[in-house]
Amino acid sequence: MNTLHFRSRLQIHRQMADKQISLPAKLINGGIAGLIGVTCVFPIDLAKTRLQNQQNGPRLSTMLSDCLIKTIRSEGYFGIYRGAAVNLTLVTPEKAIKLAANDFFRQHLSKDGQKLTLLREMLAGCGAGTCQVIITTPMEMLKIQLQDAGRIEAQRKLMSQAAVGAPGGPVELRSHTAMQLTRELLRSQGIAGLYKGLGATLLRDVPFSIIYFPLFANLNSLGGRGADGPAPFYVSFASGCIAGSTAAVAVNPVDVIKTRIQTMTRGSQEDTYSGVTDCIRKILRQEGPSAFLKGAYCRALVIAPLFGIAQVVYFLGMGEFLLSFLPQQNN
């Protein structure tokens, strides 16, 4: 009896997933999707950050697989998850805000439940991208420092070994945690320290959402069951993957700029940047236009399954399903 009751609830809430969804359900859906997605793709995201940050001087890695293999050899298996705790902590509110905000704007921009025009879909995505940077900017700021620490350590070790008369042993660096970094930034720069690179984050996330959400909605509608039926989960997953990877590659140049600006510790021969225009100018002069595509395929490999998983969880209505048990617990 309990098994039949469980299955009937799941079926009902899958059918309701494409209809009105409460805000708590949206937050739960976004949070669950974010946790699952980040756990799966974080090593690729670490490789992306390290490849994007390579400038002048010795290049430690040339491609995704090379970066991951060298990271495991020098830092151990858990080295590829360096900084994951920050993402796992903050990805729930970040993804929840993004998905819930897009749904909120879509509902308010629609006229009597009619299909949104492309312009209105883009406006909804713009609103979602703008809202999410409240969480995204400090999350990325902390994550990048932790992800890139191993690259800086390995680079300094390599340069130390190459120097005349330098010892061949490893270079010892301070190991920071996210909490230590947060306290240092707040003490030295205030809240503005956590929001360094806010402008670049907006320039990345707003266009990303403008591209992603309309593209996903239109791809997903192609696989719908009839005029009003929701698309099957595999269509939502494929639509999320295609839309996510397309948007990720499109905004990758801005992601490179954001990563460079937010990085606090650099190698001895690496440039520092005072802002977006200064970063663009120095990258073009020192590395050429191709540098703006660094890590593009890594970012596509990160975003595609991340948003594919997110849309499957969102459209299956896992949040609604979990919330449906609350009245029973109160009785």
Side-chain angles (χ1 to χ4, degrees), residues 17-21 23 25-27 29-31 33-34 37-38 41 90-137 139-140 197-224 230-231 235-255 257-258 276 296 299-300 302-315 317 319:
D18 203 46
K19 299 179 182 179
Q20 288 284 343
I21 303 174
L23 180 59
K26 295 171 189 174
L27 299 180
N29 286 332
V38 167
V41 302
L90 295 178
V91 74
T92 298
E94 191 253 358
K95 287 292 177 286
I97 288 172
K98 188 185 188 83
L99 293 173
N102 178 69
D103 202 60
F104 172 82
F105 286 117
R106 288 181 69 89
Q107 287 179 10
H108 283 267
L109 287 170
S110 64
K111 295 180 178 180
D112 301 323
Q114 294 180 356
K115 180 178 171 62
L116 290 175
T117 63
L118 179 60
L119 178 59
R120 287 176 180 266
E121 287 182 333
M122 294 172 70
L123 286 173
C126 178
T130 303
C131 290
Q132 79 169 80
V133 299
I134 298 170
I135 301 294
T136 304
T137 306
M139 180 182 74
E140 294 268 317
L198 175 62
T201 306
L202 278 168
L203 288 174
R204 182 196 68 172
D205 288 352
V206 171
F208 178 94
S209 296
I210 289 174
I211 296 169
Y212 172 78
F213 284 109
L215 182 57
F216 168 79
N218 284 280
L219 288 173
N220 196 57
S221 66
L222 296 177
V235 173
S236 293
F237 178 81
S239 300
C241 288
I242 294 170
S245 58
T246 301
V249 173
V251 302
N252 192 77
V254 189
D255 189 57
I257 295 167
K258 184 199 71 68
V276 173
R299 183 160 164 77
V302 168
I303 297 297
L306 192 64
F307 278 85
I309 292 168
Q311 294 298 345
V312 169
V313 171
Y314 202 67
F315 278 87

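Any value given below was found using the heavy atoms of this structure, including those in side chains, with hydrogens, waters and symmetry copies removed. Just so you know, residue 1 is the first one in the sequence shown, and it goes up from there.
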Side-chain heavy atoms of Phe237 within contact of Ile309, under 4.5 Å:
yes
Approximate separation, where rounding is to 0.5 Å, of Arg120 CZ and Leu118 CG
12.0 Å
Just verifying a value: how many Å separate Asn252 CG and Ile303 CD1, rounded to the nearest 0.5 Å?
10.0 Å
Of all the heavy-atom pairs spanning Val91 and Val38, show the shortest one and how long it is.
CG2-CG2, 3.5 Å
Look up atom CD1 in Ile242 and atom CZ in Phe307, then write down how far apart they are to the nearest 0.5 Å.
15.0 Å
Assess, by modelled atom type and distance only, whether the side chains of Thr136 and Gln132 contain a donor and an acceptor separated by less than 3.5 Å.
yes
Can you name the closest pair of heavy atoms from Pro214 and Asn218 and give their distance?
O-ND2, 2.6 Å
For residues Ser209 and Gly125, report the shortest heavy-atom separation together with the two atoms involved.
CB-O, 2.8 Å
Trace of the side chain to side chain contact (heavy atoms under 4.5 Å, CB included) decision for Arg204 with Ile257
CA-CA 9 Å; Arg204 182 196 68 172; Ile257 295 167; over 6 Å; no
Considering only heavy atoms from C-beta outward, does the side chain of Glu140 approach that of Thr201 to under 4.5 Å?
no
Is there a side-chain contact between Lys98 and Asn102 in this structure, where contact means two heavy atoms from C-beta onward sitting under 4.5 Å apart?
no
Which atom names give the shortest non-hydrogen contact between Ala243 and Leu219, and what distance separates them?
N-CD1, 4.3 Å
Would you give the length of the straight line joining atom CD1 of Ile211 to atom SG of Cys126, rounded to the nearest 0.5 angstrom?
12.0 Å
Spatial distance of atom CG (Leu198) from atom OG1 (Thr137) [nearest 0.5 Å]:
4.5 Å
Would you say that Asp255 contacts Phe208 through its side chain, given a criterion of any heavy-atom pair below 4.5 Å between the two side chains?
no
Classify the angle between the aromatic ring planes of Phe104 and His108 as parallel (below 30°), tilted (30 to 60°) or perpendicular (above 60°).
tilted
At their closest point, which heavy atom of Val41 faces which heavy atom of Pro305, and how far apart are they?
CG1-CG, 3.5 Å
For the atom pair CG (Asp205) and CD1 (Ile210), what is the distance rounded to the nearest 0.5 Å?
11.0 Å
At their closest point, which heavy atom of Leu202 faces which heavy atom of Thr130, and how far apart are they?
CD2-CA, 4.2 Å
Beyond-backbone contact of Glu121 with Leu215, side-chain heavy atoms, under 4.5 angstrom:
no
Beyond-backbone contact of Val276 with Lys258, side-chain heavy atoms, under 4.5 angstrom:
no
